[in-house]
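Each remark here refers to the structure printed beneath this line.
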Amino acid sequence: MARVIRLPDRGRLIVCTDLQGCMRDYRRIVEVFHAACEAHDGDAHLLFTGDLIHGPHLDHDDWPDFLGEYYRDASGEVVEAVADLAARNPGRIHALVGNHEHGHIGGPHTAKFAADEVALLEELLGPVRTERMKEIIGGFALAAVAPNGAVFTHGAPAAMIDSIKDVEGCDLQAFTGGSPLDILDTPVLGPILWARSAEPEIARRFCRAMGGTIAIYGHDVIPEGFERIGDEQMVVSTSFGVFDSNKVYLSLDLAARYRSVWDLRVGREILPLYPDKAPRSLGGKVPD
Ligand SMILES: [Mn+2]
């Protein structure tokens with residue numbers, strides 16, 4: 001299957017990064033999507049940029065403060081909810097593979113909150129729900145491109161590619177090593193799923209090859225909610241590892257033309273997930 005989603009040149013696009021099993025933030029972004037549908041005559045899209053799964057399984061007392069507000073992992077429920085939402089909104093719900101999803105369909109097993117998060121989740125789900133989850137995430141893409149210039153991936157745009165075909169034809173089974181440390185050496189697939197940064201020149205080249213101008217991704221935690229890197233990269237933290245007050249999502253005009261990440265403005269394209277908790281400097285309602 002082609003691993004690149006081609007978004008249309010009209011309507012609104014809501015972008016949500018790493019949820020890592022947080023059902024509360026999932027429900028909130030679905031509210032945002034429905035509000036965008038209403039505001040744009042039904043013409044809205046919702047894109048998840050990977051890592052829907054693998055959150056902490058911790059009791060309240062063991063929760064480290066730096067992870068933000070407490071939640072308990074609901075990975076299986078989040079993936080199933082995304083599939084149901086996609087079935088109810090044909091062609092409007094899009095999802096990319098993150099390094100955490102990849103572990104279930106050929107990638108190295110992640111070990112962030114458990115020695116083997118892939119084995120743990122599959123055990124919790126049991127064989128039937130595990131098969132369904134693998135089927136769902138097996139249909140996810142590696143990148144999405146929009147005529148407005150935005151190129152979306154899970155990790156940083158560090159892959160060396162000559163054209164969009166290099167990503168379209170990418171084999172999710174290409175990783176044959178054993179250790180997660182070896183994955184970055186797997187061309188295209190490794191950097192797209194695991195890179196935390198990209199040199200400006202490499203990022204520019206990646207965007208050009210994908211037919212776009214700016215790269216938008218998650219994978220890393222930005223405690224302040226988002227970060228611009230140079231003119232062509234933006235890292236967004238919608239959920240995981242961030243306090244509610246600083247969680248942001250993007251709302252992009254698919255009919256616009258974005259030449260640099262500075263065209264994305266707080267309060268317009270960069271919006272707080274919880275406006276009632278966010279400072280005005282992040283487009284929220286709370287005085288700074
Ligand atoms: Mn990730």
Side-chain angles (χ1 to χ4, degrees), residues 3 5 15-23 25-26 29 47-57 66-68 71 73-76 78-79 82 94-121 133-134 136-138 140-144 151-159 167 170 172 174-175 177 179-186 188-198 203 206 215-227 229 233-242 246-250 273:
R3 292 286 173 188
I5 295 162
V15 183
C16 172
T17 66
D18 312 47
L19 284 167
Q20 296 213 217
C22 183
M23 183 51 91
D25 290 351
Y26 169 77
I29 203 72
L47 171 67
F48 296 99
T49 65
D51 285 2
L52 292 171
I53 59 172
H54 293 174
H57 297 264
F66 67 85
L67 284 180
Y71 74 98
D73 177 74
S75 293
V78 169
V79 171
V82 168
H94 314 276
L96 306 182
V97 182
N99 55 305
H100 284 274
E101 281 86 9
H102 192 217
H104 293 274
I105 51 172
H109 291 196
T110 51
K112 196 169 185 160
F113 291 113
D116 184 333
E117 293 179 299
V118 171
L120 174 64
L121 179 55
M133 179 185 66
K134 288 187 186 181
I136 295 166
I137 63 187
F140 290 0
L142 271 178
V151 178
F152 305 91
T153 46
H154 177 65
V167 182
C170 192
L172 290 184
F175 173 69
S179 157
L181 297 173
D182 298 326
I183 182 74
L184 271 167
D185 296 331
T186 306
V188 187
L189 190 60
I192 284 181
L193 295 178
W194 285 86
R196 292 195 186 276
S197 64
F206 183 84
I216 292 164
Y217 55 98
H219 182 49
D220 214 354
V221 172
I222 307 298
E224 299 80 16
F226 73 97
E227 182 181 10
I229 300 160
Q233 299 182 63
M234 183 180 280
V235 193
V236 177
S237 286
T238 305
S239 174
F240 180 72
V242 178
N246 289 2
K247 292 172 179 174
V248 302
Y249 65 93
L250 299 186
L273 189 63

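In listed order, ligands and their atoms are each counted from 1.
- D51 has its closest N, O or S atom to the Mn ion (ligand 1) at the position named OD2.
- H219 has its closest N, O or S atom to the Mn ion (ligand 1) at the position named ND1.
- The shortest non-hydrogen separation linking A95 to I5 is O-CD1, 3.9 Å.
- Metal site remark for the Mn ion (ligand 1): H154 contributes an N, O or S atom at a distance under 2.8 Å.
- Side chain to side chain, H154 and H100 fail the donor-acceptor criterion of an N or O pair below 3.5 Å.
- In summary, no N, O or S atom of D18 is located under 2.8 Å from the Mn ion (ligand 1).
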Check step by step if side-chain contact (heavy atoms from CB on, under 4.5 Å) holds for D182 and F175. CA-CA 8 Å; D182 298 326; F175 173 69; 4.2 Å; yes
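- Side-chain contact check for L189 versus L172: some heavy-atom pair is nearer than 4.5 Å.
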